[in-house]
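For reference, the structure discussed in these notes is given below.
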Amino acid sequence: MFTRELSKAFEPHETEKRLYEYWIKNKLFHARDESEAKAFSIVIPPPNVTGMLHMGHALNNTLQDIIVRFKRMQGYNTLWMPGMDHAGIATQNVVEKELAKEGKSRHDLGREKFVARVWEWKEKYGGVIINQLKRLGCSCDWDRQRFTMDEGLSRAVREVFVRLYNEGMIYQGDYIVNWCPRCHTAISDLEVEFKQDNSFLWDIRYPFADGSGEIIVATTRPETMLGDTAVAVNPDDDRYKDVVGKYIILPLVNRKIPIIADEYVTTDFGSGAVKITPASDPNDFAIAQRHNLEIISVIDGLGNINEHGGVYKGLDRYEARKQVVTDLEKGGYLVKTEPYTHSVGQCYRCKTDIEPMVSKQWFVKIKPLAKQAIAAVVKGKTKIVPGTWEATYFEWMNNIRDWCISRQLWWGHRIPVWYCGDCGKVIVSLTDPDKCPDCSGASLRQDEDVLDTWFSSSLWPFSTLGWPAKTEALKTFYPTSLLVTGFDILFFWVARMMMMGLYVMKEVPFKDVYLHALVRDEKGEKMSKSKGNSIDPLVMIDQYGTDAFRFTLAAYTAQGRDVRMSAERIEGYKFFVNKIWNASKLTFANLEDYDESKTAAVEDSLSDKWIKARLNRAVEEVTHSLDKYQFNDAAAAIYHFIWHEFCDWYLELSKPAFYGKVSPEQRLATQRTLYDVFGKMLLLLHPFMPFVTEELWQVLNRSDEKSIMISSFPVAEKAWEDEAAEKEMELLMNVITSVRNIRGEMQISPSRKLDVLISVSDEKLKGIIEAGSNYIVNLANLKSMAVEINLAEPKGVATGVVGPLLVFVPLTGIVDFAGEKARLEKEIAKVQKDLDKSARKLANRDFCEKAAEAAIKKEEDKLKESKERHAALEKALNKLKEMQS
RNA sequence: GGGCGGGUAGCUCAGCUGGGAGAGCGCCACGCUUACACCGUGGAUGUCACAGGUUCAAGUCCUGUCCCGCCUACCA
């Protein structure tokens, strides 16, 4: 007896909850630090602690779980390492907003209290996403869950910082950085987003100091002229040959500044002269370094003009722009104002315009690290899939600039650097020092900055495994086998993990990187809260169940292509789950009395052999596709097998056995096949649909103790290969389809039982058809069926041509000869096309001489087939005409 | 400016190393046949963006053009 009776339809919610708890309770997600089995490991791209599950997460984690479950079932000691990211700016913003509601800022609390408050927030509200991942069915080893700010990972961060510093790979200095006046911190180049801005280009007249004339410069940011310390022209620009070395008097400011020559300036834009503001523009900064120019910052960290801005002091940068333009105009310095579209950098977090600013920051010398990271991919130590991304990776790595790792935030890993108040010594230390090692002074002050969040994420593949301790986990699971992530963080994260992994561990962090596409809405637009077009994965799960949702994600993940998500598609796969559920009801009902011990001597029927051979092919295709991360192909293969082979054909073919219309031996054979095939089918599907397959697996095996999760993934069974059975069955299926076609086209009621005559060309075929007559009679709904060799075309029939045989359906009582005539003519026209095409090809001398032999043979066979088919149809048509006249 | 991806059935897409244009949804017709109407059976539907080229043979390879999307750079 089965343990459970199945409900009318699959009930996802109750089942998902029960089974997930069951998996957890039995520690089925657990990976062993030490094991005989080969290891397979993935680290999760750690979601932000502030994060809520969106479609991107859903896709990312579904794909990981599919691979993880697949590998686990294949017998690997499989680790899926979970955790979260502290997300510096994002989290600090959330808590600051909370404070703002109380009318306070973080400065009211002070650093220590503020950080305590963030931790409090984290404990209370953080990590909602972890439970959401569980609803997705993710089989992470939750006992190992890590957080980038936890003790172990913080130690790893410090260790790496100190090591980099001691090896001269980290330096501090005054450089121009991207400054967010709202977040009040520097951010890296990657964190700047560029947006089109419709603004103006202003041409300004700068008079020469000696009164001999003037030079015109163009700018999009007139307010920065307050900090100009030079004007630059191209050294080869004939127009300005004589003025290089001269001075101009800066309007409004009355500062005397030089005209210099630098290759950076292009001759064909504007006047060919550029104002140089080293403190407010990265290119100008670079020029200033080359020419030893003075650097005057006129804008402060809030985006206001500072004391170097004279009368403009205190104005915000946009007000200052207006005022400067007005004053220039008044003074007669403004030559021209024209509309101009250019792009402006914005903070990726808060969309505030970036203010390039000179400030003291910490940097990582990145070139040496990048060099190794490039080499590793070149040598194939890490493979990027799809391979097209490798070019992008190289491009970026080759043009990489030093990484600004300091952030002026309070939430994050504080930089482990102290300054001695007595002797000025800089102390970089693994542990907090209490006195200066040089002068023993105790007035130490720690650097105020924290590290870029991505600094700790870049260590993720080994820090989560216990590094710097030499753990068993590290030995077993590093380098990890695979990283699955969106291409949008290829540079932010993947590239940096490569660099850090190679630097610290001397080994790549992962062997494969699978980059999946972005999830978009139905119209192909990026989903975002502000656009209101985002689909909430949890709503989809509630509505259609996790299995259907996951399968949809997999089915639409073709490599390198964006996923356009719509609820309609998920619904389609909910129907698929339902189909499986119903098929299992039929299956279980007919396995109720199945006794495996009696099956030793029984022999499989043709349909049994056929479905086993077909399953073999499905197994091969799914395995092969998953090995190559072709999720859509794998999903399609399963879908097709289950619905269109197992359900549409096999279950129908087996019904006579179910309903006792065959011998007990044959019934047993069918039960055996059904049991084996259904079980393997569930196994094959499990990585995609973990819940429904587990539920059915337990019923099938009459035990809620066994889990499908730890059963072996199917392999193609040599003994099940049977090409002959596949061919024979295909022929019978074609005969059945042919009768159905006639029935459909001729509008013969499905309930009307037909008498059918079949003409075959030889004994062998006759044998096959006769042996399969049961199948044909049942599935084509026949009253009777007769087979003869070279049967003469009877009168008053509809004719179907199936390869070498003819199917005659008597039209007695139907007598729609006009319909049959139309049907035949349509068929003939179709065949004629094929025939012409093949004939034309074979008449071509070049084709016969140059094409591959197999191609020619194929074409000849095709022509022969078309000819025969055509002749048979013509004959049928003539007979029909004869009869009518 | 540089780079990448895409333009295939009404819609969304698949089509890997060149040899018979596919799937799902939608549509039409017929059916409550003892798992399933969240179903079954049958059917219709394509100048594979455009123009050249290579080849016996091109949706597939090459060149160019036109659209669409993304990444990257940031010429004031």
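All figures in this text were calculated on a predicted structure; none of them were measured in a lab.
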Would you mind telling me which of [options] lies closest to the side-chain atoms of [X]?
{"X": "A:Phe491", "options": "B:C71, B:G31, B:G42", "result": "B:C71"}
{"X": "A:Asn844", "options": "B:G31, B:A14, B:C56", "result": "B:C56"}
{"X": "A:Lys628", "options": "B:C36, B:C16, B:G42", "result": "B:C16"}
{"X": "A:Glu652", "options": "B:C74, B:C36, B:U72", "result": "B:C36"}
{"X": "A:Lys841", "options": "B:G19, B:G24, B:C74", "result": "B:G19"}
{"X": "A:Arg740", "options": "B:C38, B:A14, B:U41", "result": "B:U41"}
{"X": "A:Asn578", "options": "B:C38, B:G43, B:A76", "result": "B:C38"}
{"X": "A:Lys826", "options": "B:C56, B:C30, B:A44", "result": "B:A44"}
{"X": "A:Ala851", "options": "B:A21, B:C38, B:C56", "result": "B:C56"}

>> Checking A:Ser838 now: which residues fulfil side chain to side chain contact (heavy atoms under 4.5 Å, CB included) with it, not counting sequence neighbours?
In response: A:Glu859, A:Lys862, A:Leu863
To the nearest angstrom, how far is [X] atom [atom1] from [N] atom [atom2]?
{"X": "A:Lys579", "N": "B:C36", "atom1": "NZ", "atom2": "C1'", "value": "6 Å"}
{"X": "A:Lys850", "N": "B:G18", "atom1": "NZ", "atom2": "C1'", "value": "16 Å"}
{"X": "A:Gln196", "N": "B:C74", "atom1": "CD", "atom2": "P", "value": "15 Å"}
{"X": "A:Trp202", "N": "B:A76", "atom1": "CH2", "atom2": "P", "value": "13 Å"}
{"X": "A:Glu338", "N": "B:A76", "atom1": "CD", "atom2": "C1'", "value": "12 Å"}
{"X": "A:Leu586", "N": "B:G40", "atom1": "CG", "atom2": "P", "value": "13 Å"}
{"X": "A:Trp389", "N": "B:C4", "atom1": "CH2", "atom2": "P", "value": "12 Å"}
{"X": "A:Ile276", "N": "B:A76", "atom1": "CD1", "atom2": "P", "value": "13 Å"}

How would you label the contact of [X] with the nucleic acid (heavy atoms, under 4.0 Å): base, sugar-phosphate, or nothing?
{"X": "A:Ser838", "value": "nothing"}
{"X": "A:Cys647", "value": "base"}
{"X": "A:Thr266", "value": "base"}
{"X": "A:Asp648", "value": "sugar-phosphate"}
{"X": "A:Val344", "value": "nothing"}
{"X": "A:Glu849", "value": "nothing"}
{"X": "A:Arg401", "value": "sugar-phosphate"}
{"X": "A:Gln747", "value": "sugar-phosphate"}
{"X": "A:His644", "value": "sugar-phosphate"}
{"X": "A:Tyr544", "value": "nothing"}

Using the [atom1] atom as the reference point in each nucleotide, state the distance between [N] and [M] in Å, no decimals.
{"N": "B:G19", "M": "B:A58", "atom1": "P", "value": "11 Å"}
{"N": "B:G18", "M": "B:C62", "atom1": "C1'", "value": "13 Å"}
{"N": "B:C67", "M": "B:A76", "atom1": "C1'", "value": "32 Å"}
{"N": "B:C16", "M": "B:G6", "atom1": "P", "value": "11 Å"}
{"N": "B:A49", "M": "B:C13", "atom1": "P", "value": "15 Å"}

Which base, if any, makes a Watson-Crick or G-U wobble pair with [N], both distances under 3.5 Å?
{"N": "B:C74", "value": "none"}
{"N": "B:C36", "value": "none"}
{"N": "B:C16", "value": "none"}
{"N": "B:G52", "value": "B:C62"}
{"N": "B:G5", "value": "B:C68"}
{"N": "B:A29", "value": "B:U41"}
{"N": "B:U47", "value": "none"}

> Using a distance-only test with no angle check, is there a side-chain donor-acceptor pair under 3.5 angstrom linking A:Ser607 and A:Tyr775?
Replying inline: yes
> Looking only at side chains, do A:Asn632 and A:Thr557 share a donor and an acceptor under 3.5 Å apart?
Replying inline: no
>> side-chain contact (heavy atoms from CB on, under 4.5 Å) for A:Lys574 and A:Gln543? Distances and angles first, verdict last.
In response: CA-CA 9 Å; A:Lys574 190 193 115 183; A:Gln543 222 159 345; over 6 Å; no
>> Please report the interatomic distance OG1(A:Thr219) to OH(A:Tyr340), rounded to the nearest 0.5 Å.
In response: 10.5 Å
>> Is the ring pair A:Tyr639/A:His644 parallel, tilted or perpendicular, if the boundaries are 30 and 60 degrees?
In response: perpendicular
> Would you call the rings of A:Phe576 and A:Phe551 parallel, tilted or perpendicular, where under 30° means parallel and over 60° means perpendicular?
Replying inline: tilted
> Do any of residues 853-864 of chain A sit with a heavy atom less than 4.0 Å from RNA chain B, and if so which?
Replying inline: A:Ala855, A:Lys862
> Tell me, which of residues 634-643 of chain A have any heavy atom that sits under 4.0 Å from an atom in RNA chain B?
Replying inline: A:Trp643
> Under 4.0 Å between a Lys/Arg side-chain N and an Asp/Glu carboxylate O for A:Arg221 and A:Asp353?
Replying inline: no
> Thinking salt bridges, do A:Glu820 and A:Arg823 make one under a 4.0 Å N-O criterion?
Replying inline: yes
> Pick from A:Asp593, A:Thr587, A:Asn590: which one makes a side chain to side chain donor-acceptor pair (under 3.5 Å) with A:Gln671?
Replying inline: A:Asp593
>> Against A:Asp861, only a single residue in A:Lys857, A:Lys858, A:Lys864 fulfils side chain to side chain donor-acceptor pair (under 3.5 Å); can you say which?
In response: A:Lys857
> Do A:Ser343 side-chain and B:C74 base share a donor-acceptor contact under 3.5 Å?
Replying inline: yes
>> With side-chain contact (heavy atoms from CB on, under 4.5 Å) as the test, pick out the partner of A:Ile736 among A:Asn741, A:Leu779, A:Val777.
In response: A:Leu779
>> Return whichever of A:Lys8 or A:Gly270 has its heavy-atom-nearest nucleotide of RNA chain B closer to the 5' end.
In response: A:Lys8
> Which residue lies toward the 5' end of RNA chain B, A:Thr392 or A:Asn741, if each is placed at its nearest nucleotide?
Replying inline: A:Asn741
> Between A:Tyr573 and A:Phe688, does the ring centre distance come in under 6.0 Å?
Replying inline: no
> So, for A:Asn778 and A:Asn774, which heavy atoms are closest and what is the spacing to 0.1 Å?
Replying inline: ND2-O, 2.9 Å
